[in-house]
Number of protein chains: 2
Amino acid sequence: MASDVGRTKRPTMVDVATRAGVSLKTVSRVVNNVPHVQPELVERVLAAVAELGFRRNPSASSLRSGQATATIGLLIEEIANPFYATIAGAAAEVARLHDTMLIIASSEEDPARERQLLQDMCARRVDGLIVVPAGDDHSFLRAEVELGTPMVFLDRPAGGLIADTVLLDNRGGARAGVRRLVDDGHRRIGVLLDSLNVYTMRERLDGAQDALAPAGVPYDTRLVRDGVRDPVDAARVVSEMLDRPDPPTAFFSLNNRITLGVIEELHRRGSDAALLGFDDFDVARLVPYPLTVIAYDTRELARAATELLFRRIGGDRSWPRTVVLPTELVARGASARRAGHAP
Amino acid sequence: MASDVGRTKRPTMVDVATRAGVSLKTVSRVVNNVPHVQPELVERVLAAVAELGFRRNPSASSLRSGQATATIGLLIEEIANPFYATIAGAAAEVARLHDTMLIIASSEEDPARERQLLQDMCARRVDGLIVVPAGDDHSFLRAEVELGTPMVFLDRPAGGLIADTVLLDNRGGARAGVRRLVDDGHRRIGVLLDSLNVYTMRERLDGAQDALAPAGVPYDTRLVRDGVRDPVDAARVVSEMLDRPDPPTAFFSLNNRITLGVIEELHRRGSDAALLGFDDFDVARLVPYPLTVIAYDTRELARAATELLFRRIGGDRSWPRTVVLPTELVARGASARRAGHAP
DNA sequence: TATTGCTCGGACAACGTTGTCACAATAGCG
DNA sequence: CGCTATTGTGACAACGTTGTCCGAGCAATA
């Protein structure tokens with residue numbers, strides 16, 4: 001083809017060796033910083049490397065040496081989601097400190113795709129994996145674990161596999177938040193959640209029940225609604241609940257997407273129902289409605305997981321551990337009501 | 001060490017061949033779907049693959065076959081930033097359609113780091129690169145381009161390198177937005193921007209001047225402020241400008257981080273200055289202040305770039321092109337003033 | 001039955017690198 | 001001055017895969 005113009009081959013160590021007038025092995029030594037090479041030769045080799053623009057081929061390198069691709073994999077649900085983006089950012093930061101590349105893949109909450117991606121990453125011989133599980137059976141990873149690929153599960157536990165896990169205190173956070181609502185005298189609390197198939201949602205709902213049951217609040221199915229996917233859904237559900245003869249005096253939304261919809265509807269109606277939301281969000285203080293959020297440090301979550309992973313990669317073979325990170329209740333919003341500036 | 005427990009070697013094609021009682025090459029053929037292999041042998045091989053849990057070693061594969069690591073690289077400034085997260089999500093989606101892995105790396109706006117990461121990705125023999133430039137000299141990539149690694153620059157043009165580029169119509173968008181402010185009678189417009197070192201900021205400011213100059217609006221240095229890094233900065237600058245004897249009647253903020261700060265201050269003061277902001281943001285409609293945003297489709301931006309990249313990977317050797325995507329003026333906010341529900 | 005044509009399996013080399021080993025050159029010692 | 005350590009260097013093989021090529025096996029044809 002006429003389009004091959006300028007299509008040269010990449011320089012290899014052999015080219016560098018020829019250029020520098022040394023042996024292949026000497027180049028290898030210089031490139032890998034092996035000591036006991038004459039300073040003069042080192043210089044000649046480095047000069048040749050620079051002139052030819054040589055870069056070591058990591059495929060060949062990791063093929064030969066068996067290990068250490070200087071790459072870790074991160075499997076999340078969806079990169080575009082700010083929660084996962086924050087996780088990816090924090091993981092990337094830690095990886096950078098270890099001179100390691102980060103491969104990010106999105107499962108899109110599809111267990112089959114999750115499996116495919118994880119196996120693909122393992123086939124690429126990543127040095128380790130951080131996984132936010134989508135499916136609920138990860139026993140297919142056992143072979144990889146036994147082959148020595150360390151992995152840390154993040155935000156949700158693995159299914160059918162004993163492994164390192166870093167979680168939020170979903171249940172405790174929800175319990176504390178709802179307890180506050182109860183302490184404030186609320187007895188009819190609307191609860192909105194995405195899906196009970198998700199571990200975090202189940203935990204949060206359990207936490208709410210932990211707080212409601214001892215307070216003697218009866219269980220009212222009409223006040224717990226799952227399948228709330230987006231803010232529009234949420235607004236509709238809130239509207240329905242408020243139109244009932246005995247409307248809730250408070251709402252607990254189990255994630256921030258739902259919280260946004262709830263705020264919108266409450267604000268639109270000029271309601272004064274209390275609102276508790278799991279997850280903080282960055283424009284929370286601009287929101288024209290007072291609310292309490294169950295906040296946590298997403299970066300810390302990812303950082304803890306990534307650092308644990310690197311400890312494993314570094315050779316820590318101790319028993320798998322589960323780390324649970326705390327949450328915190330924070331008052332937010334109501335800037336529309338002339339809240340002052342935060343310090 | 002006693003810790004080697006369970007540390008088996010990964011199965012190779014040789015193992016599979018032995019197990020299936022065929023030759024190594026036959027396994028290779030089956031694994032690569034080469035036709036003309038006896039159906040019975042195919043079955044035996046596949047059975048052995050499944051039993052042993054064999055996965056092809058991509059290092060060896062791409063080493064031998066020279067190309068096609070089925071991986072593309074994306075270099076952005078910061079994964080945790082929603083703009084880049086959205087880009088990453090869209091790029092990942094397109095990559096998935098092409099059965100390709102996406103490696104994401106963050107330059108953190110550091111040109112040295114950018115260079116390092118790009119060269120690292122090239123060394124890993126990615127099939128192509130998408131780059132949001134941080135530095136302003138990318139001539140060091142020329143060697144890679146000549147070696148046949150396609151690359152597409154996104155959001156900002158490359159420096160010192162002729163290459164495919166996908167941009168927003170920053171200048172046109174700013175021009176249209178500011179023209180509307182001018183048409184509405186505004187003559188004193190406060191302009192807040194991050195840094196003139198950034199290409200997009202320069203373009204947006206140029207667009208503003210395009211609209212102001214013909215309208216005979218004099219240039220007032222005190223109304224253009226750069227170095228506005230975050231919402232707190234922005235709020236302070238707005239406050240200062242409003243305290244002047246002839247305060248601006250409108251503000252133009254050149255990115256959404258700044259916009260948030262401006263909103264907060266305007267709302268806090270109960271000001272009625274008009275507000276125009278570059279970049280839309282997802283909670284915009286919840287915002288308690290009316291504003292116009294210069295919006296665009298971030299996903300489309302990334303999609304266009306990624307698809308162009310895959311066309312190049314597919315063999316398109318036509319002249320490098322520059323794609324400019326349109327922006328759109330959208331009215332937002334003021335939900336605090338009882339705006340109705342969007343349909 | 002012998003020849004041709006065709007299909008498909010297997011031996012072998014090679015991709016670029018690194019570990020092993022051996023050897024050459026130098027320094028240190030008696 | 002000869003011997004052993006020590007240091008520096010290179011030949012060679014191997015990592016796991018795939019491209020090349022040859023030839024075995026078989027059917028169709030003369």
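In this text, all values refer to a predicted model and were calculated from it rather than measured experimentally. Chain letters run A, B, ... following the sequence lines, proteins first, then strands; residues in each count from 1.
- At whole-Å resolution of the value, CG in B:Asn33 and P in D:dG19 are 13 Å apart.
- As rounded to whole Å, 20 Å separates atom P of C:dA14 from atom CE of A:Met13.
- For the pair B:Asn57 and D:dC15, the criterion of a side-chain N or O lying under 4.0 Å from OP1 or OP2 is not met.
- Between C:dT18 and A:Ser65, no contact under 4.0 Å exists linking OP1 or OP2 to a side-chain N or O.
- Between B:His138 and B:Phe153, the angle of the ring planes goes over 60°, which puts this pair in the perpendicular group of the 30/60° scheme.
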With the criterion being N/O to N/O and under 3.5 Å, what pairs connect the protein with nucleotides 5-12 of chain C, and how long is each?
unit_1: C:dC8; atom_1: OP2; unit_2: B:His36; atom_2: ND1; d: 2.9
unit_1: C:dC8; atom_1: O5'; unit_2: B:His36; atom_2: O; d: 3.2
unit_1: C:dG9; atom_1: OP1; unit_2: B:Gln38; atom_2: N; d: 3.4
unit_1: C:dG9; atom_1: N7; unit_2: B:Arg29; atom_2: NH2; d: 2.9
unit_1: C:dG10; atom_1: OP2; unit_2: B:Ser23; atom_2: N; d: 2.7
unit_1: C:dG10; atom_1: OP2; unit_2: B:Ser23; atom_2: OG; d: 2.8
unit_1: C:dG10; atom_1: OP2; unit_2: B:Thr26; atom_2: OG1; d: 3.1
unit_1: C:dG10; atom_1: N7; unit_2: B:Arg29; atom_2: NH2; d: 3.0
unit_1: C:dG10; atom_1: O6; unit_2: B:Arg29; atom_2: NH2; d: 3.2

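- Following rounding to the nearest Å, B:Leu63 (CG) and D:dT17 (P) show an atom-to-atom distance of 12 Å.
- The base of D:dT17 lies outside donor-acceptor range of the side chain of B:Arg64, with no N or O pair under 3.5 Å.
- Of the possible donor and acceptor atoms, one in the side chain of B:Glu114 sits under 3.5 Å from a partner among the backbone N and O of B:Ala134.
- For the pair A:Ile72 and A:Val126, the minimum side-chain heavy-atom distance is 4.5 Å or more.
- Nucleic acid contact for A:Ser61: sugar-phosphate only, since backbone atoms but no base atoms lie under 4.0 Å from a heavy atom of the residue.
- The interatomic distance linking B:Arg125 (CZ) with D:dT17 (P) rounds to 20 Å, in whole Å.
- Between the side chain of B:Thr71 and the main chain of B:Thr69, a donor-acceptor pair closer than 3.5 Å is present.
- You'll find the side chain of B:Ser28 reaches within 4.5 Å of the side chain of B:Met13, heavy atoms only.
- Using a 4.5 Å heavy-atom cutoff, the side chains of A:Asp164 and A:Thr322 are not in contact.
- Rounded to whole Å, atom P of C:dT17 lies 12 Å from atom CZ of A:Arg55.
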